[in-house]
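Naming convention: chains lettered A, B, ... in sequence-line order (proteins, then strands); numbering from 1 in each chain.
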Amino acid sequence: MIDKSYQPTDVEGRIYATWEQSGAFRCGRAESAEAAPYCIVIPPPNVTGSLHMGHALNNTLQDVLARFERMRGRDVLWQPGTDHAGIATQMVVERQLMERQLPTRRALGRAAFLEKVWAWKAESGGTIINQLKRIGASCDWSRERFTMDEGLSKAVLKVFVELYRAGLIYKDKRLVNWDPKLLTAISDLEVQQVEEKGHLWHFRYPVEGRTDTFITVATTRPETMLGDTAVAVHPDDPRYRRLIGKFAILPLVGRRLPIVADSYADPEKGTGAVKITPAHDFNDFEVGRRHDLPLVSVLDREACLNLEGNEAFLDGLPEGSAELSETMQLHGIDRYVARKQIVARMDALGLLAKVETQQHVVPHGDRSGVAIEPYLTDQWYVDAKKLAVPAAAAVRSGRTTFVPKQWEATYFNWMDNIQPWCISRQLWWGHQIPAWYGWALDGDQLSIAKTQIFVAQTEAEALAEARDYYKRDVVLVASLDDSLGSVGFGADKLPETIPVWRDEDVLDTWFSSALWPFSTLGWPEQTREIKRYYPTNALVTGFDIIFFWVARMMMMGLHFMKEVPFHTVYIHALVRDERGAKMSKSKGNVIDPLGLIDEFGADALRFTLAAMAAQGRDIKLSTQRVEGYRNFTTKLWNAARFAEMNGCATVADFDPKSVKQTLNRWIANETQKASIEITEAIESYRFNEAAGAAYRFVWNIFCDWYLELSKPVLLGDDNGSKDETRAMVAFVRDEILKLLHPFMPFITEELWHVTAAPGTKRASLLTLARWPHHTQLLDHASEGEIGWIIDLVTAIRSVRAEMNLTFATELVLVLVGVSAETAARAERWADVVKRLSRLSNITVSQNPPHGSVQLVVRGEVVALPLAGLIDVEAERARLEKELARSQADIARIDAKLGNADFVRRAPEEVVEGEREKREEADARCRKIVEALERLARMS
RNA sequence: GGGCGCGUAGCUCAGCGGAAGAGCACUACCUUGACAUGGUAGGGGUCACAGGUUCGAUCCCUGUCGCGCCCACCA
């Protein structure tokens, strides 16, 4: 017996456990060994993460695909796992140390800290996985991977070493986005532009050798002026042409700044003269290169002024000037404090020409939230420009397709303008870079000015390389600093053992994520999975990580596997709150998917997300919507109960083509139409259309009409018809459970089992491999009959409602001068029509009884005698209104058909369609006119 | 500055070249033997605006006005 109501919380955990235990999520099961493979790799959530609405959407859609393909008999691998999320995880653990008042990361040291992180991961890393299970994700958990697993780490090292050897990874000293809070470099993508109110200060720089001549520059960053090494003007700017080649004197410091001509200087901006600080601005860096300007870095890692002992800064400065020595007092001062003080001094010196207030965008670190600092350091880079060429080409040629297509433009825009990818991070949690250093040989000596790099997959190989290089034994030391003590620089001979140390930095998290589609399959081993599942079929992800992740997987996949990592990239929307705001913790508008699951069930949430996942539009999620789809699960549940209560049990080897009754042929036809619609929609990633088609079919066709129309048979005593109908009800119910299973796996699986024939057990829907298939449509003719019933019943109900005739009032239906076929239909369906429209009797007559309401149903008239109940005038008005509507239809169609161009140029079937419509409308008009005439006679 | 997208019923959104749709909300009626988490019927829209293409435009093109997002940009 099916329970009176469906309780998701009771069912979901139990069902999920049986799925997992049965091994049905696993790829390569014996029964699908011969089947075509289908593979999706999960976008690995951060180990630190907990499930948010974005995950819920992302994984629902993947699960729809995975279950759909599995049910179609394919060998599905949905590859799960998590990402180590370098910065995020390190921050979480550091915060935890602080909260528990434990020693800080630095105090612990690298090894001990990493132990803490691993311990933390062991403890809470499973949270997100368990949450994914709650929404029903059918991943092959036996293959769960973590980006810092041994296998994946091996892949990372191999990729690094190979790219290094191919010259596609290199170390370079250039400006990076430096996060002065986290003390690490970050990539361009991790920088968020934040609009801020700021100031534009106009400073007057004296021109050398000319008293009272100044060149005025504008800056938003006075504190970096100490690192100025030039002033640039546009070569064609008449205001400054005569100053080109002269020198300005940097106030507070006394440095001579060449005034250079460079088209970077924009005469429209600021004063048209721009101070050049190559060590603190990306554009200035380029200008500096063009004019061979020195790089003077005046900030330290923590963005404090760094002046004392700063050789680059001090080089060439006038000694002993009072101004300079006062400036030196600023050493060690934070950038923002220094800014104020420098402005104050410039003002005091009368060199502050003007201050403007303005909005400008300032780059911030997306994790730390502080303004990043362009900072001159040695970092590792990937030559993305080279790797991007095949990656862009693969999409241009269609080997990988984006859905929706417009994202390809975004992808190309990025790929075609790609910058070197900074991959080193000054963190501890991550893949430590497999590079070892020693002092370079300079003849027979070690040079303190240069290091030699040994890149290898293992320490042993790196040390062997070093031994080879030095022709001496080497010893591993902890750091560059440690190496200094053990080397006697300047000694005649090389030391007996040469110190070598490993790069302390780790790789950007996205470096390992970029390998995910093949590293998870076992690469670099040539595993069975690599051969079978790569390239994967679909990648389902959000647009926010097209650059971070998708683009880089394309680059790495093509380079190392010589093949695209996936054929289709489905880009889904962002889930917003019901007012359209981005959900964020700080705004407090986050809807917790687990809360919705608790309240409405996982199926309701999944169905909502799928139903709203229209391509190219964000999802504004409201609880009401979820509630609506929860009601849909209830409807489904009750329909199944109805079937059970009426003895509708699945008949083995039932063939829907064999049914005799019109109603059953009709629903077979409708089922077929629905399954085609749903299948095609999922195949083309139109999840919302698939969900909508399923919803309409189940509710508006199956429940509203088929079950209602089948009641007289099921309750009647014609056993032959009854058996056929019972079998058909059970068949359609089963088809529905299959069609809905990708969207609502729990309730469908539960119903699938509880509706099994008594004493039998059914195999899980998951592995059934019996997705409703498309044979030819079964029967078009049945629509004529069932459609007529539906129209008739609807028309009668309409009249009832209009006339305020409650259900208690039984009416008589009179068929007025109808065809023999219609009369026979009415005869066949008398029970149903009586039941659904609450009639006591159906009769046939050539004329409607006195005081009838006359209705035109599919070109024929039926009447409801309502003597005494109807107002003749009102009835006339009603009919005239209907007549007017039909006449308007005819007029509109005639206008079209009367247009020679339309008839000549519109497609045949469209013209034909219009003619048919005109026929129908005309017939309808005639019937209404007749009805009006009769009404007139009767009154 | 470059690019993408969106303005359709009160709300949230489908549709996107051949007679305006759904869910929710609203109104009226209904404890009819699956379901009140329900049933039946209904009200509600010059499909942002202006041009153009077309036999025909909510749908295609151009422009305007609103709104959102991405990329670039600390003069």
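When the P atom is compared between C59(B) and C6(B), the two are found 13 Å apart, to the nearest whole Å. Here the separation of C16(B) from G5(B), taken at their P atoms, is 16 Å to the nearest Å. Taking the P atoms as reference points, U8(B) lies 15 Å from G45(B), given to the whole Å. Taking atom C1' in both G17(B) and C47(B), the straight-line distance is 14 Å, to the nearest Å. Of the P atoms belonging to G51(B) and C71(B), the separation is 38 Å, rounded to the nearest Å. Nucleotides A9(B) and C49(B) have their P atoms positioned 11 Å apart, rounded to a whole Å. Here the separation of G21(B) from A34(B), taken at their P atoms, is 32 Å to the nearest Å. Distance check on atom C1': U12(B) versus G3(B) gives 28 Å, rounded to whole Å.
Judged purely by atom type and a 3.5 angstrom limit, R239(A) uses its side chain to pair as donor or acceptor with the backbone of P267(A).
In this view, D831(A) and P712(A) satisfy the side-chain contact (heavy atoms from CB on, under 4.5 Å) rule, not counting sequence neighbours. Under the side-chain contact (heavy atoms from CB on, under 4.5 Å) criterion, D266(A) pairs with E268(A), K269(A), not counting sequence neighbours. Annotation: side-chain contact (heavy atoms from CB on, under 4.5 Å) contacts of R905(A) (sequence neighbours excluded): D901(A). For P363(A), the side-chain contact (heavy atoms from CB on, under 4.5 Å) partners at least two apart in sequence or on another chain are V191(A), Q193(A), I372(A). Residues passing the ring-ring contact (aromatic ring centres under 6.0 Å, His included) test with Y240(A), sequence neighbours excluded: none. Every residue two or more places apart in sequence or in another chain that forms a ring-ring contact (aromatic ring centres under 6.0 Å, His included) with F632(A) is listed here: F607(A), Y695(A). H199(A) pairs by the ring-ring contact (aromatic ring centres under 6.0 Å, His included) definition with W201(A), not counting sequence neighbours. Qualifying ring-ring contact (aromatic ring centres under 6.0 Å, His included) partners for W705(A), counting only residues two or more places apart in sequence or in other chains: none.
Between E223(A) and R335(A), no side-chain nitrogen of the basic residue sits less than 4.0 Å from a carboxylate oxygen of the acidic one, so the salt-bridge criterion is not met. Ion pair R733(A)/E644(A) not flagged as a salt bridge, since none of the NZ, NE, NH1 or NH2 atoms sits closer than 4.0 Å to an Asp/Glu carboxylate oxygen. R885(A) and E882(A) are not joined by a salt bridge, as no carboxylate oxygen comes within less than 4.0 angstrom of a charged side-chain nitrogen. Ion pair E599(A)/R630(A) not flagged as a salt bridge, since none of the NZ, NE, NH1 or NH2 atoms sits closer than 4.0 Å to an Asp/Glu carboxylate oxygen. Using a 4.0 Å cut-off between a side-chain N of Lys or Arg and a carboxylate O of Asp or Glu, K917(A) and E920(A) do not qualify as a salt bridge. Looking at R221(A) and E373(A), a side-chain N of the basic residue comes within less than 4.0 Å of a carboxylate O on the acidic one, giving a salt bridge.
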Determine which bases of RNA chain B form Watson-Crick or G-U wobble pairs with both distances under 3.5 Å, and write the result as a 5' to 3' dot-bracket string with | for other-strand partners. ((((((((.[[[[.)..(..]]]].(((((.......))))).....[[[[[..)....]]]]])))))))....
Let me have a per-nucleotide readout for nucleotides 20-35 of chain B, 5' to 3', with B, S or -, counting only protein heavy atoms under 4.0 Å. ---SS-------BBBB
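Put simply, CZ on F282(A) is 11 Å from P on A72(B), counting in whole angstrom units. Rounded to an integer number of Å, the gap from CG of L836(A) to P of G39(B) is 14 Å. The distance between atom OH of Y706(A) and atom P of G39(B), rounded to the nearest whole Å, is 19 Å. Here the C1' atom of nucleotide G5(B) and the CH2 atom of W407(A) are 8 Å apart, to the nearest Å. Regarding N413(A), its CG atom lies at a distance of 17 Å from the P atom of G1(B), rounded to whole Å. Rounded to whole Å, the distance from CE on M612(A) to P on C13(B) is 6 Å. Y411(A) has its OH atom 18 Å from the C1' atom of C4(B), to the nearest Å. Remark: C1' of A14(B) and CD of E689(A) are 8 Å apart, rounded to the nearest angstrom.
K917(A) comes within contact range of at least one nucleobase, with a heavy-atom separation under 4.0 Å. Residue-level contact check: I890(A) touches neither bases nor backbone, having no heavy atom under 4.0 Å from any strand. No engagement by F412(A) is indicated, since no non-hydrogen atom pair under 4.0 Å with the nucleic acid exists. Using a 4.0 Å heavy-atom cutoff across all strands shown, D544(A) reaches no nucleic acid atom at all. Residue contacts for N688(A): at a heavy-atom cut-off of 4.0 Å it reaches the sugar-phosphate backbone alone, with no base atom in range. Base engagement by A265(A) is indicated by at least one non-hydrogen atom pair under 4.0 Å involving a base atom. Across all strands, V274(A) comes closer than 4.0 Å to base atoms (heavy-atom distances). Using a 4.0 Å heavy-atom distance criterion, P374(A) is classed as making no nucleic acid contact. Residue D889(A) is in base contact, counting any heavy-atom pair closer than 4.0 Å across all strands shown.
Here the straight-line distance linking atom OG1 of T229(A) with atom NZ of K275(A) works out to 9.5 Å at 0.5 Å rounding.
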Under 3.5 Å between N/O atoms: give me all the protein pairs with nucleotides 7-10 of chain B, atom names plus distance.
| residue | atom | partner | partner atom | Å |
| --- | --- | --- | --- | --- |
| G7(B) | OP1 | R617(A) | NH2 | 3.0 |

Just the atom pairs and distances: protein N or O near nucleotides 42-46 of chain B's N or O, under 3.5 Å.
| residue | atom | partner | partner atom | Å |
| --- | --- | --- | --- | --- |
| G42(B) | OP1 | S798(A) | OG | 2.8 |

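Along RNA chain B, the nucleotide nearest Y336(A) and the nucleotide nearest A611(A) are compared for position; the residue whose nucleotide lies closer to the 5' end is A611(A). With RNA chain B read from its 5' end, the first of the two nearest nucleotides for G272(A) and E914(A) is the one closest to E914(A).
For K896(A), the side-chain atoms get nearest to G18(B) when compared with the rest of U12(B), G18(B), U37(B).
For the side-chain contact (heavy atoms from CB on, under 4.5 Å) test with Y570(A), the passing option among F402(A), W407(A), F687(A) is F687(A); the others fail.
Remark: the R630(A) side chain and the U37(B) base include a donor-acceptor N/O pair separated by less than 3.5 Å.
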